[in-house]
Each structure stands twice: as structure tokens, then as C-alpha cells.
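Residue numbers count from 1 along this sequence.
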Amino acid sequence: MRACVDAHSVVIDAKTYTQLILRFTTLFGFTMCAQLIITTRNRTKLLKKTLESALAQSAPFNRIIVSDNSSKMGSHVKEMSHLKQSFEKTKIVQFIKTQQELGPHEHFKYIQHKYIPNDHSLSVLFHDDDEFCTDYHEEILKAFDQNQDCVAVSCNAMILRGDMQSEHTLMRSNFGTKKLTSKLEFFSHYFGFNPIAPPPFSAYCCRSDIFKNLNFSPDLGGKYSDVAGLSQLLDHGSIFWINTPLMKYRLHENQDSRQNHIVARRKLLRYAESQLGKPQLTNISAAYKTKYLMTKLSLKSQYARRSSLILRYILSIFLTEMMTSWKFYKFLWAVLFRKERRS
């Protein structure tokens, strides 16, 4: 597994940063570097780590925009001001605050409209609680350079639980690459049984003019609308996945992404059916239903024990009420007497 190198107190002036970009693009023959957009709200300590990892890239980003979704908590406002003063000295990082607090979907649409250009440049939309490995940008650019038909490149991610790094990765497989050319193949990684799990949304680097016009409406898949939006990339070209972990994905307690939302999954399945037709999705749909059943059967033991206790309690009350009720014996006597008369 590739190791990530943490960056601390990165200070670099604009002139040096520009020279690094020019030197890198000349050395490797790349024509462009990606711009990075980081969404944040009230998580300044984690944002600092994200920015440090972004500035420590072996291949520098073209520019870094921090879209602050109106952080309001007093301590975070002060810390955000300090971060802004510190990182904007580089002239590479730009902090922009929204005029009002936006919902997750509205904030994403705001970024699409305001910050993602309508050209053939590259854009990365990153979360303020995730971190880059030092060679993320370099490997992404190499993948684009070697796969001219690709409109998006993504990668595997190490899992962080707090500040502790797990031995597991999100995609499960840590070696090799995979090119997706069809929506059927894409959706099979989300609904079916597949040894390779999909990479996280924040790992994607996309061509800007396509990324700008993707539809991530909640109507397409609820909390999984990002999957519906990413599938639209395949209308324009292929998607390239790198199984090597090039970033760190942080999991939090009570994180929404860790919860399986059945209604949203069905919305996403209906969207996939509208794109591909039911006949093509027969096997995937069956695999999804089996997968969901297995998930329900593999509930945590404490919840399973609670359910068992509740069922036993209800059954015992029912049997007790039935055995002590005179109506039960009256019914039983009527049934027996009726049988005797028939005989």
C-alpha cells in the first residue's frame, strides 16, 4: 500500500508555486494542472489538514478555492479568519464565503455555477475532512495523459476513523486499474456483488465543462444522487479508476454516508432503469435485493437480541392472555362440540 506523507505548516510563495507548476508540466509533458475546490463549514481544524495536504502535492494544483458555506459558530469564525490570513499569503489559496447558509445540494449547484469553468480544464471537488496523499494530483494527471478518452479519473482511499488509519481501503482492492466505458458496468459496482467497490466522490477529478453540467438532483437518487450524477460522465467518455489509495477518507460517528437508505437506493435503481432499461438491469436488480437481504440479516448482534427479546415478550403476553381468557375456552369447547356432533 502506498504511504501518505503528512504536511505541516506549508509555506510557499506564489512565484515559487508557479515555477513548480511550470517545471512539472514541462518535465512530464502535461498541458494543464487541475483546480481544487474544497467545501467547508465549521470544521476549521480538519480544513487545515486538508489544505496542508493539498499544498504538499508533488504536482501542484493550479489554484485552490475554499468555499465556506457560511460558518457561523464563534470559535470557527475566528479560526477561519486565521486560516484565511495564513493560507491566502500563498496567493494560491482563495477563501470565499457564501452569502447565506446553503443545503448540501444547493451548495454544490452554487459551486458548479460559480467556480467550475466551462472549458477543457480539470476540476476536483473535495471535502474539508478528507486528505490527499502527496502524489494524488501527479498520478491523476498521468492517468489522463495515458487515457485520452477519459473524462474523469478517480482513485482508492485509505480509511480514517478520527485520526487513526484503518488497514482497510474503500475500494477493497489496492492494486491495478479499471476503465469503465458503460453505465451498466458503472452501476454494477454499486448494486451488485463486485470484488472492487467504487471510489469516493471526493476522489474524482473531472473535465470541467462536463462536471459543470452534471445533474445531481436529489430526485435522481436521494442521498445517492452523486452516483446518478457521476454516471452521466459516461455519456461523454470513459471513467478511469486507480485502485492504489491516493487519499484519506475520514469516517465520523453517526455519519450519514454510513447509513443505508433503502428509499434512496430504490430511487437510484429506478434512475438506472430509466437510463438502461429493466432488461439490462435484471441481474443487477436481483443482486441488489439479495445484498439488501444479507445486510438486514447481518444486523449488529445487540439489535438482533433486542428484536428477539421483544418478539418473545409479545408472544408470551399473547399466549398468557389466550390461556387465561374464558373466551378462548368457550371457543375451544364450541369447536370440540361441533366435531362431536358431526361424528
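Residues S182 and L234 share a closest heavy-atom pair of O-CD1, 3.4 Å. Shown here for R63 and Y115, the closest heavy-atom pair between the two residues is NH2-O, 3.7 Å. Y204 and A152 get closest at one heavy-atom pair: CD2-CB, 4.1 Å. Nearest heavy-atom pair, F95 versus V93, reported as atom, atom and distance to 0.1 Å: CE1-CG1, 3.6 Å. Scanning both residues, A203 and C155, for their nearest heavy atoms gives CB-O, 3.5 Å.
For Q99, the CD atom sits in a loose shell: 12 or fewer heavy atoms of surrounding residues, nucleotides or ligands are nearer than 6.0 Å. More than 12 heavy atoms of other residues, nucleotides or ligands sit less than 6.0 Å from atom NZ of K179. A 6.0 Å sphere centred on NZ of K183 holds more than 12 heavy atoms belonging to other residues, nucleotides or ligands.
No side-chain donor-acceptor contact under 3.5 Å links S58 and D135. N215 and S217 share no donor-acceptor pair across their side chains, judged by distance under 3.5 Å alone. A donor-acceptor contact under 3.5 angstrom links the side chains of N174 and T169, judged on distance only. For the residue pair T39/H107, the side-chain donor-acceptor check at 3.5 Å is not satisfied. Judged by distance alone, the side chains of S208 and S123 do bring a donor and an acceptor atom under 3.5 Å apart. No side-chain N or O of K178 forms a donor-acceptor pair with one of N243 less than 3.5 Å apart. For T50 and E131, the side-chain atoms include no donor-acceptor pair closer than 3.5 Å. With no hydrogens or angles considered, no side-chain donor-acceptor pair links Q112 and K212 at under 3.5 Å.
Listed for the N62 side chain is no donor-acceptor partner under 3.5 Å among the backbone atoms of A34. A distance-only check finds a donor-acceptor pair linking the side chain of Q57 to the backbone of C133 [under 3.5 Å]. In terms of modelled atom types and a separation under 3.5 Å, the side chain of H120 and the main chain of D209 share no donor-acceptor contact. Using a distance-only test at 3.5 Å, with no hydrogens or angles considered, no donor-acceptor pair links the side chain of S86 to the main chain of L83. Side-chain atoms of D130 do not come within 3.5 Å of backbone N or O of F126 as any donor-acceptor pair.
Cluster membership check: F216 shares its hydrophobic cluster with Y110, using side-chain heavy-atom separations under 4.5 Å among Ile, Leu, Val, Met, Phe, Trp and Tyr. When hydrophobic clusters are built by joining Ile, Leu, Val, Met, Phe, Trp and Tyr residues whose side-chain heavy atoms come closer than 4.5 Å, directly or via intermediates, L276 is grouped together with L268. Under a hydrophobic-cluster definition in which Ile, Leu, Val, Met, Phe, Trp and Tyr are linked whenever side-chain heavy atoms come within less than 4.5 Å, directly or via other members, L102 and L125 are assigned to the same cluster. Transitive grouping of hydrophobic side chains (ILVMFWY, heavy atoms separated by less than 4.5 Å) brings Y271 and L184 into a common cluster.
Note: M247 CE to S154 OG = 8.0 Å, rounded to the nearest 0.5 Å.
Side-chain contact between I159 and L170: present, with at least one pair of heavy atoms (C-beta onward) separated by less than 4.5 Å.
Between F201 and F211, the ring planes lie tilted relative to each other; the angle falls in the 30° to 60° range.
Here E273 does not pair with R266 in a salt bridge; the nearest charged N to carboxylate O distance is not below 4.0 Å. Looking at K49 and D163, a side-chain N of the basic residue comes within less than 4.0 Å of a carboxylate O on the acidic one, giving a salt bridge. The residues K142 and E139 are annotated as salt-bridged, a charged nitrogen and a carboxylate oxygen being separated by less than 4.0 angstrom. With respect to D128 and R43, a salt bridge is recorded, a charged nitrogen being found less than 4.0 Å from a carboxylate O. Using a 4.0 Å cut-off between charged side-chain N and carboxylate O, R41 and D68 make no salt bridge. Between R207 and D119, no side-chain nitrogen of the basic residue sits less than 4.0 Å from a carboxylate oxygen of the acidic one, so the salt-bridge criterion is not met.
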Note to self: One pair to check against side-chain contact (heavy atoms from CB on, under 4.5 Å): W241 and N156. What are the steps and the verdict?
What the structure shows: CA-CA 8 Å; W241 286 353; N156 199 355; over 6 Å; no
Checklist line | L46 and R250: CA distance, side-chain angles, deciding distance, side-chain contact (heavy atoms from CB on, under 4.5 Å) verdict | finding: CA-CA 10 Å; L46 294 176; R250 183 173 272 104; 3.6 Å; yes
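Ring centroid separation for the pair F61 and H137 comes in under the 6.0 Å cut-off.
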